[in-house]
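From a predicted model like this one, the values you see are computed outputs, not experimental measurements.
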2 protein chains.
Amino acid sequence: MDKNQAVAAIGLFSGLGQRELAALAGVAETRRYARGADIFFAGEPAQGFFSVASGKVRIYQTSLAGKEHILHVFGPGEVFAEVAVFSGGVYPASAQVLEDGEYLFFPRERFRRLLKDEPDLAMNMLGLLSIRLRQLVKKLEDLSLREVPARLAAHLLLLQAQSRKRRLALDLPKGQLAAYLGTIPETLSRVLRRFSDEGVIILSGTTLEILDAGRLEAYAGVGGTGGGKEDASGGRGA
Amino acid sequence: MDKNQAVAAIGLFSGLGQRELAALAGVAETRRYARGADIFFAGEPAQGFFSVASGKVRIYQTSLAGKEHILHVFGPGEVFAEVAVFSGGVYPASAQVLEDGEYLFFPRERFRRLLKDEPDLAMNMLGLLSIRLRQLVKKLEDLSLREVPARLAAHLLLLQAQSRKRRLALDLPKGQLAAYLGTIPETLSRVLRRFSDEGVIILSGTTLEILDAGRLEAYAGVGGTGGGKEDASGGRGA
DNA sequence: ATTGGGCTTTGACTTACGTCAAAAACGGAC
DNA sequence: GTCCGTTTTTGACGTAAGTCAAAGCCCAAT
């Protein structure tokens with residue numbers, strides 16, 4: 001893939017002029033990674049940030065016991081580890097390649113220099129960090145205040161909203177999805193089967209169909225035990 | 001408190017010139033809130049951000065069942081809800097006053113206009129968002145990968161590192177601390193007593209003394225981040 | 001088709017932590 | 001001091017979800 005083309009496709013750079021894009025492409029370095037490759041580990045000195053030209057990457061954390069938690073999954077056009085640019089230090093999480101592809105690396109200092117002369121880029125970056133912040137706050141809310149069925153239900157509804165189709169494919173292998181939802185494969189499996197048994201979804205392999213979206217919304221919205229006693233009134237509190 | 005003085009004391013604005021500070025003070029609006037007052041609720045349209053001139057505020061989330069989780073506690077010189085400025089929408093969490101004081105409100109649009117002409121301010125803001133992001137990532141790691149004793153131990157060690165004194169005062173009432181650690185008062189109380197029984201700390205009311213910092217570090221899981229695998233010998237005995 | 005290794009599922013069991021309810025302890029008002 | 005409301009503690013108990021271990025599956029490579 002052409003580097004200039006890849007740079008132009010990055011959402012963070014939308015609205016910038018040709019000259020600026022060329023300058024960005026100038027500082028970017030193309031890297032090719034294969035599935036399973038580690039791009040960086042949490043705790044390593046943060047040298048710069050990345051974007052996905054093609055492929056898929058996961059940002060995750062591990063406990064000492066080896067349990068993993070996935071913070072993000074990024075695909076083409078998205079950037080990650082941009083936190084490296086503004087507060088130095090180390091990467092706060094690890095990055096591993098889920099699908100072979102090409103990645104662009106933007107070294108910290110060279111990027112900062114560009115940023116100085118590009119107020120539009122700075123504003124874009126502020127918007128991006130802002131959205132990240134919102135994502136994390138939401139994830140925190142899920143993790144601390146809602147249980148696994150609620151998190152899964154919300155995720156399935158999100159997938160449906162994105163795909164607009166009745167039958168939808170899981171975006172990740174189930175083990176990874178479990179880590180993304182802050183649980184383990186066994187638990188995810190059990191909850192999926194429960195949804196299945198209750199007739200809320202039909203599950204077959206890596207795709208599934210939502211039969212009763214209202215019921216899922218009840219699970220997702222009402223942190224409750226979901227036995228169906230609650231009405232899905234859907235009001236987002238206060 | 002004088003508004004110009006309060007504005008100059010805001011960390012986010014450090015390094016700015018007199019003119020810029022005056023302009024910022026110009027757009028800021030002073031508000032006085034009493035303990036218990038709600039500054040905003042999650043879900044409300046985000047009009048702008050705030051800073052603490054004096055007092056203390058907590059940023060928190062609630063579940064439908066009424067459980068609370070505290071994301072941040074901010075004191076004098078700190079700003080909060082800055083996410084409102086860059087991605088519009090609604091406040092992602094609620095803010096409530098813990099201690100009476102004066103707060104400055106910076107309306108979204110007027111602040112954005114200032115930002116356009118102030119690259120230094122933009123850079124400061126990028127740094128701030130970046131640090132917030134790191135805080136949240138760490139909190140996510142704690143919540144999803146570590147249990148309550150580990151979180152409490154890490155927090156106590158942090159307090160000690162900040163105060164540099166042997167006897168340290170809890171920064172929050174215990175109920176609030178529990179919500180900050182992602183648990184409930186009963187559980188916090190039990191874990192504190194366990195630490196006490198094991199001779200790791202001496203607890204008296206709202207202050208405590210750390211007797212065995214090494215033991216606390218073992219609970220907290222020393223080493224924190226990092227790619228390597230360590231032995232999880234989290235000390236369960238005694 | 002057969003093998004083998006990674007995922008995924010299932011079952012039996014354990015446990016950290018939440019819930020509920022009742023006592024203590026604390027702190028301010030009088 | 002006494003009283004009252006709030007916060008904190010303690011105990012008994014329940015449960016969501018994790019652990020451990022054994023099948024079951026699925027697909028790529030032989």
Inset, instruction - Quantify the bending of the helix from C:dA1-D:dT30 to C:dC30-D:dG1 as the angle between its end axes, each fitted on five pairs, to 10°. - result: 40°

Parallel, tilted or perpendicular: which fits the ring planes of [X] and [Y], with parallel below 30° and perpendicular above 60°?
{"X": "B:Y91", "Y": "B:F50", "result": "tilted"}
{"X": "B:F74", "Y": "B:F80", "result": "parallel"}
{"X": "A:Y219", "Y": "A:F195", "result": "tilted"}

Rounded to the nearest angstrom, tell me the gap between atom [atom1] in [X] and atom [atom2] in [N].
{"X": "A:L152", "N": "D:dA16", "atom1": "CG", "atom2": "P", "answer": "16 Å"}
{"X": "B:L188", "N": "C:dA16", "atom1": "CG", "atom2": "C1'", "answer": "15 Å"}
{"X": "B:R190", "N": "D:dC13", "atom1": "CZ", "atom2": "C1'", "answer": "10 Å"}
{"X": "A:E147", "N": "C:dT19", "atom1": "CD", "atom2": "P", "answer": "10 Å"}

Can you check whether [Y]'s main-chain N or O pairs, donor with acceptor, with [X]'s side chain at less than 3.5 Å?
{"X": "A:S189", "Y": "A:P185", "value": "no"}
{"X": "B:R146", "Y": "B:E141", "value": "no"}
{"X": "A:R31", "Y": "A:I39", "value": "no"}

Inset, instruction - Take nucleotides 23-30 of chain C nucleotide by nucleotide from the 5' end and write B, S or -, depending on whether a protein heavy atom sits under 4.0 Å from the base, only from the sugar-phosphate, or from neither. - result: --------

Inset, instruction - Within residues 174-186 of chain B, find the residues that approach DNA chain C with a heavy atom at under 4.0 Å, and present them sorted by residue number. - result: B:G182, B:T183, B:I184, B:E186

Inset, instruction - Would you mind classifying the nucleic acid contact of A:R193 as base, sugar-phosphate or nothing, using non-hydrogen atoms under 4.0 angstrom? - result: sugar-phosphate

